[in-house]
Participant: 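My questions all concern the structure below.
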Protein chains: 2
Amino acid sequence: MTDDIVASVVRQWQTVNPGLDTGPMEIIGRINRCAALLQQAEDAPLRSAGLTRAEFDLLGAVRRTDRELTPGELARETFSSGAAVTKRLRSLQDRALVERRGDARDRRVAHVRLTDEGRALVDRLLPEQLAYERAVLAGLDGDARDELGSRLGELLVQLEGRLGGARR
Amino acid sequence: MTDDIVASVVRQWQTVNPGLDTGPMEIIGRINRCAALLQQAEDAPLRSAGLTRAEFDLLGAVRRTDRELTPGELARETFSSGAAVTKRLRSLQDRALVERRGDARDRRVAHVRLTDEGRALVDRLLPEQLAYERAVLAGLDGDARDELGSRLGELLVQLEGRLGGARR
DNA sequence: TCCAAATGATTTACAGGTGTAATACCTGTT
DNA sequence: AACAGGTATTACACCTGTAAATCATTTGGA
């Protein structure tokens, strides 16, 4: 049983400040650290396809909802600012991965959909990502995986409730 | 038992692409989502203290190791580029939170330490952060917390092994 | 009905942080 | 004395968010 980074960080804090209740770090520190490592690992294949993670998330959001989305909806769906979505859409449109269509009724809004190429790109990249993730998770046995997923789900519900988790 | 965001995203993918093995999303999607929500929540108190999260991480690294660190060590410790560390150090030094000292032997390297103010700031902010985290985690019972921490530790070891987790 | 104000969606302007790559400097070795 | 390798900084380009601007729609009286 080897130690992970967080365990050694916690030990350091305990040495330097023994009164500190470092309990939360064991969970939240690990979550942050896992997320950072995963992003680093998964960004490489995306970059080699010419995409940012944020761009991939945007394309994925359109793909999985299976209908046209407005920029505003995309901003909410991908948890980024409207301005960032605008810039990403321009770039993706220049590369013919998405198309914009104006709304007939309300000329303020636009509708975004994937081009065939955009859709094909997502459908090629997503299985790669999932395969990598599966490989990482193979180090845990099945019960541990199920447990982990459930517990994370409980925590995520807590977090969503505590922060304006307004959601459809 | 309510649904979290990831559950609904997974459902969307299953509807649109039933052949997809979305299993890994249940864990890794949740980790990413939790990390994003936590960072958003914890950045606010930091900003009101005039600090970036990255700056706080840097100060924390110096505080917990309890000795002077070089910029290079800080870059490795905080998982960011050397250039970013340089800029952060300048800014923190301008605010008198850290001090630089040149090495007598090897004049390439510098040694960074906290000023009294820097140390006081970390010691004021860290308990706040931990208290917030404790409040979030209070929604899970003790066994669930222990389980979650252990499982995340196992996963993190996997990830560190798979990526050059060179670590003391 | 008509118009002014309020509301709303999106885009543009600007400032700040980050990483890569190029640069400056230092050390130890041959 | 030159060079190979390591450390820190600077230059540049890019991405992001906040805030302001633009344009369209809806609303609430007169």
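Below, chains carry the letters A, B, ... as their sequence lines are ordered, and counting in each starts from 1.
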Participant: Do the charged groups of Asp103(A) and Arg105(A) touch, with an N to O distance under 4.0 Å?
Facilitator: no
Participant: dT27(C), dT11(C), dG17(D): which one has an atom nearest the side-chain heavy atoms of Pro71(A)?
Facilitator: dT11(C)
Participant: Do any side-chain nitrogens or oxygens of Arg76(A) fall under 4.0 Å of OP1 or OP2 in dA9(C)?
Facilitator: no
Participant: Name the closest nucleotide to the Val109(B) side chain, picking from dT18(C), dA8(D), dT10(C).
Facilitator: dA8(D)
Participant: Can you identify which nucleotide, out of dT25(D), dT16(D), dA8(D), has its nearest atom closest to the Ala54(A) side chain?
Facilitator: dT16(D)
Participant: How many whole angstroms separate atom NZ of Lys87(B) from atom C1' of dT9(D)?
Facilitator: 12 Å
Participant: Figure out the CZ/P separation between Phe56(B) and dG17(C), and round it to whole Å.
Facilitator: 18 Å
Participant: Of all the nucleotides listed (dG6(D), dT11(C), dA9(C)), which has the minimum atom distance to the side chain of Arg108(A)?
Facilitator: dA9(C)
Participant: Between Asp4(A) and Arg33(A), does at least one N-O distance fall below 4.0 Å, as a salt bridge requires?
Facilitator: no
Participant: Which of these nucleotides, dT9(D), dC26(C), dA24(D), is closest to any side-chain atom of Arg107(A)?
Facilitator: dA24(D)
Participant: Among Glu68(A), His111(A), Arg67(A), find the one that has a side-chain contact (heavy atoms from CB on, under 4.5 Å) with Glu73(A).
Facilitator: Arg67(A)
Participant: Could you tell me the separation between the CG atom of Asp106(B) and the C1' atom of dC25(C), rounded to a whole number of Å?
Facilitator: 10 Å
Participant: Taking CZ from Arg105(A) and P from dC23(D), how many angstroms apart are they, rounded to a whole number?
Facilitator: 24 Å
Participant: Round to a whole Å and report the spacing from CD of Gln39(B) to C1' of dG17(C).
Facilitator: 14 Å
Participant: So, are Arg151(A) and Glu154(A) salt-bridged, with charged N and O less than 4.0 Å apart?
Facilitator: yes
Participant: Answer with base, sugar-phosphate or nothing: what part of the nucleic acid does Arg53(B) contact at a heavy-atom distance below 4.0 Å?
Facilitator: nothing
Participant: In whole angstrom, give the distance that lies between atom CZ of Arg47(B) and atom P of dG16(C).
Facilitator: 11 Å
Participant: Check the distance between dT16(D)'s P and Leu74(A)'s CG and give it to me in whole angstrom.
Facilitator: 14 Å
Participant: Could you tell me whether Ala83(B) contacts a base, only the sugar-phosphate backbone, or nothing, with contacts defined as non-hydrogen atoms closer than 4.0 Å?
Facilitator: base
Participant: Check Glu55(B) with Arg88(B), please: is the shortest side-chain N to carboxylate O separation under 4.0 Å?
Facilitator: no
Participant: Please check the phosphate of dT10(D) (OP1 and OP2 only) for any side-chain N or O of Arg90(B) closer than 4.0 Å.
Facilitator: yes
Participant: Side chain of Arg88(A) only, please: which of dT12(C), dT16(D), dA9(C) is the nearest?
Facilitator: dT16(D)
Participant: Once you round it to whole Å, what is the distance between P of dG6(D) and CG of Asp103(B)?
Facilitator: 17 Å
